[in-house]
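Letters A, B, ... are given to chains in the order of the sequence lines, protein chains preceding strands, and every chain is numbered from 1.
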Amino acid sequence: MLEVNKIREDREKIITALAKRNLHLSDTLDRIVELDDRRKQIQAESDVLLNESNTIAKQIGELFKQGKRDEADALKARPAELKDAISAFKEEMNTVEDSIRDLLYTIPNTPHDSVPLGKNPEDNEVVLEEGKIPVLYDKAVPHWDLADTYKLIDFELGVKITGAGFPVYTGKGAKLQRALIAFFLDEAEKAGYEEVIPPHVVNEASGYGTGQLPDKEGQMYHMPIDDLYLIPTAEVPVTNLFRDVILSVDQLPLRRSAYTPCFRREAGSYGKDVRGLNRLHQFDKVEIVVIDHPERSYATLQNMVAHVQGLLQKLELPYRILRLCGGDMGFTSALTYDMEVYSAAQKRWLEVSSISNFETFQANRLKLRFKGDDKKNQLAHTLNGSALALPRILAALLENNQTPEGIRIPAALVPYTGFNLIS
RNA sequence: GGAGAGAUGGCAGAGUGGUCGAUUGCGGUAGUCUUGAAAACUACUGAUCUUCACGGGUCCGGGGGUUCGAAUCCCUCUCUCUCCGCCA
């Protein structure tokens with residue numbers, strides 16, 4: 001959520017920045033400032049009345065103590081008069097504040113200066129491409145065939161017990177999942193991230209805190225009986241650990257990692273995008289979250305990207321880094337790097353990580369602040385990234401490492417799997 | 001699922017209609033003392049809106065009501081805890 005004061009101060013900058021998302025919101029911004037002006041006016045006027053009313057009430061109290069009942073009764077008339085005016089102000093205040101908030105909820109974060117112009121994924125900027133695209137042997141097949149051949153994943157069994165997009169991992173397939181999770185968590189720990197195991201279900205307030213609500217209402221699984229949501233990413237519970245928190249400046253940066261399953265309804269997806277492991281309703285992911293000082297947050301973002309790069313290098317996967325264009329960025333992000341791996345049998349790039357700086361956008365909703373050196377509270381910056389999401393990593397590992405003898409496991413994973421070949 | 005209790009400042013915990021934004025303790029910050037530290041003592045120490053400032057307003061889980069006046073009374077919602085039941 002943007003800050004109203006920033007909208008006042010940096011109106012032109014914000015309009016320009018939002019134009020990168022192909023949004024033209026100057027009218028909305030002006031409306032917000034207009035409403036906020038009214039809010040201030042109401043408060044100033046009602047403060048005067050409240051002050052008068054409070055003062056008289058105190059006098060009445062004094063007079064009662066002194067036993068001067070008649071004088072006290074005589075004073076009661078004025079506050080009674082003020083009451084209606086005060087409650088009218090209060091009512092208008094509520095509607096004005098609601099309107100401001102509702103408008104703010106519709107505005108996405110302002111893209112960082114470095115965000116490229118563009119409308120769709122083709123306009124994303126390739127920052128780096130690294131690793132050798134493997135040349136597969138003649139009979140190479142996509143991962144869903146490999147999963148079947150080697151009995152690693154049973155998609156149909158998942159359909160039976162739940163539905164499409166809920167695979168059952170079996171045998172070495174299951175072991176490989178566990179190995180990847182442990183590997184990612186260990187690497188995160190080495191990089192200074194403290195592991196947490198959060199709830200996999202969150203309440204409505206948490207959904208609002210990180211911005212999934214109200215924007216992506218239909219993307220989360222909702223359980224109306226208890227009004228709880230299955231998490232679409234560990235970002236939600238882990239970032240919300242710090243909701244309504246005032247940190248001291250020396251606690252920053254705060255680094256956390258978490259493995260969780262992630263649940264997404266993926267309404268509207270179809271075709272080759274959902275084949276095999278490409279897009280699931282339930283998948284596993286290790287997420288890294290950082291709360292940091294505004295002055296440092298972009299350096300931190302680069303560190304997070306470097307960390308994920310390291311993971312991909314250790315897994316020996318060809319990857320590329322994209323800087324998302326304004327049209328392809330998430331609602332809450334100011335700058336996002338996507339990491340994609342090349343899946344050699346499908347002959348396509350698959351997104352395996354998305355690393356973003358949200359600046360104060362989430363912190364403003366979360367009321368996540370720190371007490372600066374000047375003793376004033378200011379909003380912290382929040383960042384997060386996948387490190388990493390499993391299914392597409394698995395897809396690329398299977399496809400890229402297939403040989404006539406079987407599927408080779410990268411050396412970095414062998415200590416975790418206990419085997420170096422799936423045959 | 002049944003019954004009961006409760007929600008107050010970073011934490012603990014008073015306060016049951018009138019200088020209560022809130023006693024006190026702990027914690028935190030600064031100072032005195034000390035070679036230094038600890039202890040002790042002293043002072044300060046919530047958030048938020050508004051204002052150039054002085055100041056003023058709001059906040060005792062959320063919302064509403066009673067009253068001249070509500071942390072205190074009433075209604076309602078949410079959450080937490082305890083006991084019983086069930087159970088990994």
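Side chains of A/Thr332 and A/Asn109: no donor on one and acceptor on the other come within 3.5 Å.
Here A/Arg39 lies in heavy-atom contact (under 4.0 Å) with sugar-phosphate atoms only.
Annotation for A/Glu189: atom CD does not count as buried by contact number, only 12 or fewer foreign heavy atoms lying within 6.0 Å.
Taking atom C1' in both B/U32 and B/A37, one finds a spacing of 15 Å when rounded to whole Å. The separation of B/U45 from B/G25, taken at their P atoms, amounts to 15 Å, rounded to a whole angstrom. As rounded to the nearest Å, B/U67 and B/C75 have C1' atoms that lie 16 Å from one another. Spacing between B/G9 and B/G65 at atom C1', rounded to whole Å, works out to 27 Å. Across the C1' atoms, B/G1 and B/C73 are found 33 Å apart, a figure rounded to whole Å. Spacing of P atoms, B/G46 relative to B/C83, comes out at 37 Å, to the nearest Å. Nucleotides B/U24 and B/G13 have their C1' atoms positioned 8 Å apart, rounded to a whole Å. B/C84 and B/A30 have their P atoms separated by 49 Å, with the value rounded to a whole Å.
The cationic atom of A/Lys172 (NZ for Lys, CZ for Arg) lies less than 6.0 Å from the six-membered ring centre of A/Phe419 and within 45° of the ring axis.
The CZ atom of A/Phe89 sits 17 Å away from the P atom of B/U50 (whole-angstrom rounding). For the pair A/Glu204 CD and B/C79 C1', the computed distance is 14 Å after rounding to whole Å. Between A/Gln41 atom CD and B/U51 atom P there is a gap of 12 Å when expressed in whole angstrom units. Rounding to whole angstrom units, CD of residue A/Glu52 and C1' of B/G57 are separated by 14 Å. Per the geometry, CG belonging to A/Leu247 stands 17 Å off P belonging to B/G28, to the nearest Å.
By the 4.0 Å N-to-carboxylate-O rule, A/Asp113 lies too far from A/Lys20 to be salt-bridged with it. A salt bridge is defined here as a Lys NZ or Arg NE, NH1 or NH2 lying under 4.0 Å from an Asp or Glu carboxylate O, and A/Glu359 with A/Lys6 fails to meet this definition. A salt bridge links A/Asp36 with A/Arg39; the closest basic N to acidic carboxylate O contact falls under 4.0 Å.
Of all heavy-atom pairs between A/Asn51 and A/Thr55, the closest is O-OG1, 2.6 Å.
Checking A/Asp36 against A/Ser46, the closest nucleotide of RNA chain B that is more toward the 5' end is the one next to A/Asp36.
With a 3.5 Å ceiling on both atom-pair distances, the Watson-Crick or G-U wobble partner of B/C26 is B/G10. Nucleotide B/A53 has no partner under the Watson-Crick or G-U criteria, as no pair reaches both atom distances under 3.5 Å. Base pairing of B/U34: no nucleotide in any strand meets the Watson-Crick or G-U wobble criterion (both distances under 3.5 Å). Using the Watson-Crick or G-U wobble rule with both distances under 3.5 Å, B/G4 pairs with B/C81. Base pairing analysis places B/G18 opposite B/C68; the two distances defining the Watson-Crick or G-U wobble pair are each below 3.5 Å. Pairing for B/A47 is with B/U58, a Watson-Crick or G-U wobble pair whose two hydrogen-bonding atom distances lie under 3.5 Å.
Checking A/Arg264, A/Gln282, A/His281, A/Arg265 one by one against A/Tyr221, the side-chain hydrogen bond (donor to acceptor under 3.5 Å, both in side chains) holds for a single residue, A/His281. Here the rule is side-chain hydrogen bond (donor to acceptor under 3.5 Å, both in side chains) with A/Thr360, and of A/Arg369, A/Arg365, A/Gln378, A/Glu3 only A/Glu3 fits it.
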Handout entry: Footprint string (nucleotides 58-71 of chain B, 5' to 3'): B base within contact, S backbone only, - free, heavy atoms under 4.0 Å
Key = S-----S--BBS--
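Note that OH of A/Tyr416 is 6.5 Å distant from CZ of A/Phe183, once rounded to the nearest 0.5 Å.
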Distances under 3.5 Å between protein N/O atoms and the N/O atoms of nucleotides 45-47 of chain B, please, pair by pair.
residue : atom : partner  : partner atom : Å
B/A47   : OP1  : A/Lys371 : NZ           : 2.9
B/A47   : O3'  : A/Arg369 : NH1          : 3.4

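Under the 30°/60° scheme for interplanar angles, the aromatic rings of A/Phe361 and A/Phe331 are found to stand perpendicular.
The phosphate of B/G56 (OP1 or OP2) has no side-chain N or O of A/Asn51 nearer than 4.0 angstrom.
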